[in-house]
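Notes for the one structure printed next.
Note on naming: letters A, B, ... go to the chains in the order of the sequence lines (proteins, then strands), and numbering restarts at 1 for each one. The shown structure was predicted, so the numbers you read here are calculated from the model rather than taken from an experiment.
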There are 2 protein chains.
Amino acid sequence: MRQSTNYELMTALALEMKVRRKELGLSQEDLAGRCDLDRPYISLIEVARKQPTLSVLYRLSEALELPLGSFMERVQERYLQGVARNF
Amino acid sequence: MRQSTNYELMTALALEMKVRRKELGLSQEDLAGRCDLDRPYISLIEVARKQPTLSVLYRLSEALELPLGSFMERVQERYLQGVARNF
DNA sequence: GTGTAGACTCATGTCGACA
DNA sequence: ATGTCGACATGAGTCTACA
């Protein structure tokens, strides 16, 4: 599997998560509680060092009160912006 | 991490992938080639036995010529239908 | 409240092969 | 062309603990 642009994608997810979480006034601890995930793991995602699977993405979208499609749409937007910045 | 509804989600992804792939007239082999993934692995996803990470989902969405948001929106729709069927 | 570390279990993703 | 298997390396996700 090619691995080149994974980091950009993880960064896009990290940013979107952090922004949305703060919009809701939640701490990482709160978010972890909402989706029944490990708190340090949430932190690792938000610093773009871990890459969740589909089920985790879904539970994050629920906890962030966004439909999965909208959540991923926002991630993709940030991703494309990030890629475009490299020119 | 709770694991209860992961299977429903994997099934929703499996169905959406298979339908969309055939809409494009692609074989699993073609699809694997487009997103540079293992062909048997594609098969495992389509029988709901593997759960991809974000970067794989993204590459699948590219290969299936759908924005990530739309792709995940469709998956979620199928997922909610599948869950609703259990009542 | 957040980032990071180590150690751990188990799943992802790859590869070769076979029905 | 698809599903499945075994074996493998790497990474996801948990837990405890500390700055």
Side-chain angles (χ1 to χ4, degrees), chain A residues 1-65 68 71-72 75 79, chain B residues 1-65 68 71-72 75 79:
Chain A
M1 172 169 104
R2 87 178 120 89
Q3 188 112 357
S4 35
T5 55
N6 287 12
Y7 180 71
E8 327 270 352
L9 203 51
M10 290 159 72
T11 302
L13 175 67
L15 282 177
E16 179 56 32
M17 260 186 71
K18 190 170 287 193
V19 166
R20 179 60 182 160
R21 175 171 64 78
K22 297 201 170 170
E23 276 180 16
L24 297 176
L26 299 172
S27 68
Q28 292 184 351
E29 219 163 1
D30 297 330
L31 182 60
R34 281 195 180 205
C35 51
D36 193 22
L37 282 169
D38 202 38
R39 200 271 311 160
Y41 181 59
I42 300 282
S43 173
L44 289 174
I45 299 177
E46 287 196 358
V47 294
R49 290 183 53 185
K50 287 288 183 179
Q51 183 195 174
T53 53
L54 175 59
S55 60
V56 168
L57 289 171
Y58 194 85
R59 289 158 57 187
L60 286 173
S61 76
E62 287 180 319
L64 294 172
E65 301 177 14
L68 181 61
F71 186 35
M72 289 301 100
V75 170
Y79 170 69
Chain B
M1 173 170 104
R2 85 180 120 90
Q3 187 113 358
S4 36
T5 56
N6 287 12
Y7 180 71
E8 327 269 352
L9 203 52
M10 292 160 71
T11 301
L13 176 67
L15 281 176
E16 179 55 32
M17 262 187 68
K18 189 168 289 192
V19 167
R20 180 60 183 159
R21 175 172 64 79
K22 299 202 168 171
E23 276 180 16
L24 297 176
L26 299 173
S27 68
Q28 291 184 351
E29 219 163 2
D30 297 330
L31 182 60
R34 282 196 178 204
C35 51
D36 193 22
L37 280 170
D38 201 38
R39 200 270 312 159
Y41 180 59
I42 300 283
S43 174
L44 288 175
I45 298 177
E46 287 196 357
V47 294
R49 290 183 54 186
K50 287 288 182 180
Q51 185 195 176
T53 52
L54 175 58
S55 60
V56 168
L57 289 170
Y58 194 86
R59 289 158 57 186
L60 287 173
S61 77
E62 285 180 319
L64 294 172
E65 301 176 13
L68 181 61
F71 186 36
M72 289 301 101
V75 170
Y79 170 68

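- Put simply, A:Lys50 has no side-chain N or O that comes within less than 4.0 Å of OP1 or OP2 on D:dT10.
- Expressed to the nearest 0.5 Å, how far CE of A:Met17 lies from OG of A:Ser61 amounts to 11.0 Å.
- In the set C:dT4, D:dT2, D:dG13, the nucleotide with an atom closest to the side chain of B:Gln28 is D:dT2.
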Exercise for the section: In sequence, state the C-alpha distance, the side-chain angles, and the governing distance for A:Glu62 and A:Arg59, and then conclude on salt bridge (charged side-chain N to carboxylate O under 4.0 Å, His left out). Expected result: CA-CA 5 Å; A:Glu62 287 180 319; A:Arg59 289 158 57 187; over 6 Å; no
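- In this structure, A:Asp36 atom CG and D:dT14 atom P are separated by 8 Å, rounded to whole Å.
- Applying the 4.0 Å criterion to OP1 and OP2 of D:dT2, one finds that B:Arg21 has a side-chain N or O inside that range.
- Under 4.0 angstrom from either OP1 or OP2 of D:dG11 there lies no side-chain N or O belonging to A:Gln51.
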Handout entry: Steps toward side chain to side chain contact (heavy atoms under 4.5 Å, CB included) verdict (B:Asp30, B:Leu24)
Key = CA-CA 10 Å; B:Asp30 297 330; B:Leu24 297 176; over 6 Å; no
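- With C:dT12, C:dT2, D:dC15 as the candidates, the nucleotide lying closest to the side chain of A:Ser27 is C:dT2.
- If you measure from atom CG of B:Asp38 to atom P of D:dT2, you get 14 Å, rounded to the nearest angstrom.
- Atom pair A:Ile45:CD1 and D:dG11:C1' shows a separation of 13 Å (rounding to whole Å applied).
- Note on A:Pro52: only backbone sugar-phosphate atoms sit closer than 4.0 angstrom, heavy atoms only; bases stay farther off.
- Here the side chain of B:Arg21 pairs a donor or acceptor atom with the backbone of B:Leu26 at under 3.5 angstrom.
- When the P atom of C:dA5 is taken as reference, atom CG of A:Leu44 falls 9 Å away, rounded to whole Å.
- The interatomic distance linking A:Leu37 (CG) with D:dT14 (C1') rounds to 10 Å, in whole Å.
- Taking only distance into account, the side chain of B:Arg39 meets the base of D:dG3 through a donor-acceptor pair shorter than 3.5 Å.
- Listed nucleotides D:dC15, C:dG16, D:dT2 differ in distance to A:Pro40; the shortest reach to its side chain belongs to D:dC15.
- The CD atom of A:Gln51 sits 5.0 Å away from the CG atom of A:Asn6 when rounded to the nearest 0.5 Å.
- In this structure, B:Tyr7 places its OH atom 17 Å from C1' of C:dA11, rounding to the nearest Å.
- One distance of note links CG of A:Leu44 with CE of A:Met10; it measures 9.5 Å at 0.5 Å rounding.
- With values rounded to the nearest 0.5 angstrom, A:Leu31 atom CG is found 11.5 Å from A:Asp36 atom CG.
- At least one side-chain nitrogen or oxygen of A:Thr53 sits closer than 4.0 Å to the OP1 or OP2 atom of D:dG13.
- Atom pair A:Asn6:CG and D:dA12:C1' shows a separation of 14 Å (rounding to whole Å applied).
- Taking a pair as Watson-Crick or G-U wobble with both distances under 3.5 Å, the runs of three or more consecutive pairs in DNA chain D are C:2-19 with D:2-19.
- To the nearest 0.5 Å, atoms CG (B:Leu13) and OH (B:Tyr79) are separated by 13.0 Å.
- Between D:dG3, D:dG13, C:dT2, one nucleotide has an atom nearer to the side chain of B:Glu46 than all others, and that is D:dG3.
- The interatomic distance linking B:Glu29 (CD) with C:dT14 (P) rounds to 15 Å, in whole Å.
- Closest to the B:Lys18 side chain, of the nucleotides C:dT12, D:dG3, D:dC5, is D:dG3.
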